[in-house]
2 protein chains.
Amino acid sequence: MDTVSSSKQLPQPDRDEIRIDAVLQALGEPVRLLIVRTLADVPGGIACGELDLPVTASTRAHHLRTLREAGVLTTHTDGTRRISALRRDDLDALYPGLIDGVLAAKR
Amino acid sequence: MDTVSSSKQLPQPDRDEIRIDAVLQALGEPVRLLIVRTLADVPGGIACGELDLPVTASTRAHHLRTLREAGVLTTHTDGTRRISALRRDDLDALYPGLIDGVLAAKR
DNA sequence: GTCGAAGTTCGATAGGCGTCGTACTATGGA
DNA sequence: TCCATAGTACGACGCCTATCGAACTTCGAC
């Protein structure tokens, strides 16, 4: 048993471990880009199931893992749900303007 | 015969045809990212052969084509040489901050 | 305890693509 | 005209990965 029962943070790279190659490769996939743009509108994060994506649950889990391991988003548990949120502060600090530029895209 | 003999522009998408998906996918490859970061230091552009890359000439041509078709760089001929340059103005207009953010990356 | 819901993990599959060597084109110089 | 140089085009190969279904885990509710 543990004093901290709920809301555990899933493993993710520290800010200084984030690599630009991994971030860009993660963003360079349509479904993952859609996830990022969706999360950008919900600063508090969102549960996986809330995402409206044209793929199955297992594929969605795969993409969320890829984004998390690249350092693009953070995930913590809330019961059986997993809440994911953009790591805007870290990304803005490392690559100022990058996320803003991506989000500015209309097409 | 042609009035304009040298310096032809190779086909590339217009600014309004550039898609964020294609740009990010193009940037999400180590060799191509290296090309972009190199070109960022040479506003006037650079010949393919001048690039110091860990791949053969044919692979380099492939990457340059990918970047050009994505709208990341422009290429014009100069004799047998092909001079490539970053399309900073277009990219900055479409995705303000994106290129700056990428170039800000130390790692 | 039992059940259902939310997500992950595993294995398999298929398509995409980064890589190379070779052949080819084109331009400029001797 | 002939040749060397710069670069592209093509075909093949192998790896990477996006995708899925099915089995598994975890948590909350009853």
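Residue numbers start from 1 in every chain, and the chains themselves are labelled A, B, ... in the order their sequence lines are given, proteins ahead of strands.
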Taking [X] for the side chain and [Y] for the main chain, is one N or O donor matched with an acceptor at less than 3.5 Å?
{"X": "B:Arg60", "Y": "B:Cys48", "value": "yes"}
{"X": "B:Glu29", "Y": "B:Ala26", "value": "no"}
{"X": "A:Tyr95", "Y": "B:Ala104", "value": "no"}

>> On DNA chain D, does the nearest nucleotide to A:Val31 precede the nearest nucleotide to B:Arg68 from the 5' side, or the other way round? Give the residue.
In response: B:Arg68
>> Let me spell it out: for each of B:Ile83 and A:Glu29, pick the nucleotide of DNA chain D with the closest heavy atom. Which residue's pick is nearer the 5' end?
In response: B:Ile83
> Looking for any heavy atom pair under 4.0 Å, which part of the strands does B:Arg65 touch: base, sugar-phosphate only, or nothing?
Replying inline: sugar-phosphate
>> Categorize B:Glu50 for me: base, sugar-phosphate, or nothing, with a 4.0 angstrom heavy-atom threshold over every strand shown.
In response: nothing
> In terms of side-chain geometry, is the basic nitrogen of B:Asp92 or B:Arg87 positioned less than 4.0 Å from the acidic oxygen of its partner?
Replying inline: no
> What are the two closest non-hydrogen atoms of A:Leu64 and A:Ser84, and how far apart are they?
Replying inline: CD2-OG, 4.3 Å
Using whole Å, what does the distance between atom [atom2] of nucleotide [N] and atom [atom1] of [X] come to?
{"X": "B:Leu53", "N": "C:dC20", "atom1": "CG", "atom2": "C1'", "value": "15 Å"}
{"X": "B:Leu34", "N": "C:dG18", "atom1": "CG", "atom2": "C1'", "value": "15 Å"}
{"X": "B:Leu27", "N": "C:dG18", "atom1": "CG", "atom2": "P", "value": "12 Å"}
{"X": "A:His63", "N": "C:dG7", "atom1": "NE2", "atom2": "C1'", "value": "15 Å"}
{"X": "A:Leu64", "N": "C:dG7", "atom1": "CG", "atom2": "P", "value": "9 Å"}
{"X": "A:Leu51", "N": "C:dA6", "atom1": "CG", "atom2": "P", "value": "14 Å"}
{"X": "B:Lys8", "N": "D:dT8", "atom1": "NZ", "atom2": "P", "value": "15 Å"}
{"X": "B:His76", "N": "C:dT27", "atom1": "NE2", "atom2": "C1'", "value": "16 Å"}

>> Whether B:Gln25 contacts C:dG16 is assessed here as follows: a side-chain N or O lying under 4.0 Å from the phosphate OP1 or OP2. Is that the case?
In response: no
> Can a side chain N or O of B:His62 be found less than 4.0 Å away from OP1 or OP2 on C:dC20?
Replying inline: no
Of all the choices, [options], which nucleotide is nearest to the side chain of [X] once you look at every atom?
{"X": "B:Arg32", "options": "D:dA18, C:dG18, C:dG7", "value": "C:dG18"}
{"X": "B:Arg81", "options": "D:dA6, C:dT19, C:dG7", "value": "D:dA6"}
{"X": "B:Arg82", "options": "D:dA18, C:dT8, D:dT8", "value": "D:dT8"}

> Would A:Asp100 and A:Arg88 satisfy salt bridge (charged side-chain N to carboxylate O under 4.0 Å, His left out), going step by step from the backbone distance to the final call?
Replying inline: CA-CA 10 Å; A:Asp100 288 334; A:Arg88 287 210 70 149; 2.7 Å; yes
> Are there more than 12 heavy atoms of other residues, nucleotides or ligands under 6.0 Å from atom CG of B:Asp52?
Replying inline: no
> Around A:Asp14, counting heavy atoms of other residues, nucleotides and ligands shown, do more than 12 lie under 6.0 Å from its CG?
Replying inline: yes
> Using rotation axes that map the C1' atoms of four end pairs onto the next four (five pairs an end), what angle separates the end axes of the helix from C:dG1-D:dC30 to C:dA30-D:dT1, to 10°?
Replying inline: 20°
> Same cluster for A:Leu34 and A:Leu27 if Ile/Leu/Val/Met/Phe/Trp/Tyr side chains link at under 4.5 Å?
Replying inline: yes
> Are A:Leu10 and A:Leu51 joined in one hydrophobic group, where the rule is that I, L, V, M, F, W and Y side chains link up if heavy atoms are under 4.5 Å apart?
Replying inline: no
> Reading nucleotides 20-26 of chain D from the 5' end, what letters show protein touch, with B for base, S for backbone sugar-phosphate only, - for no heavy atom under 4.0 Å?
Replying inline: BBB---B
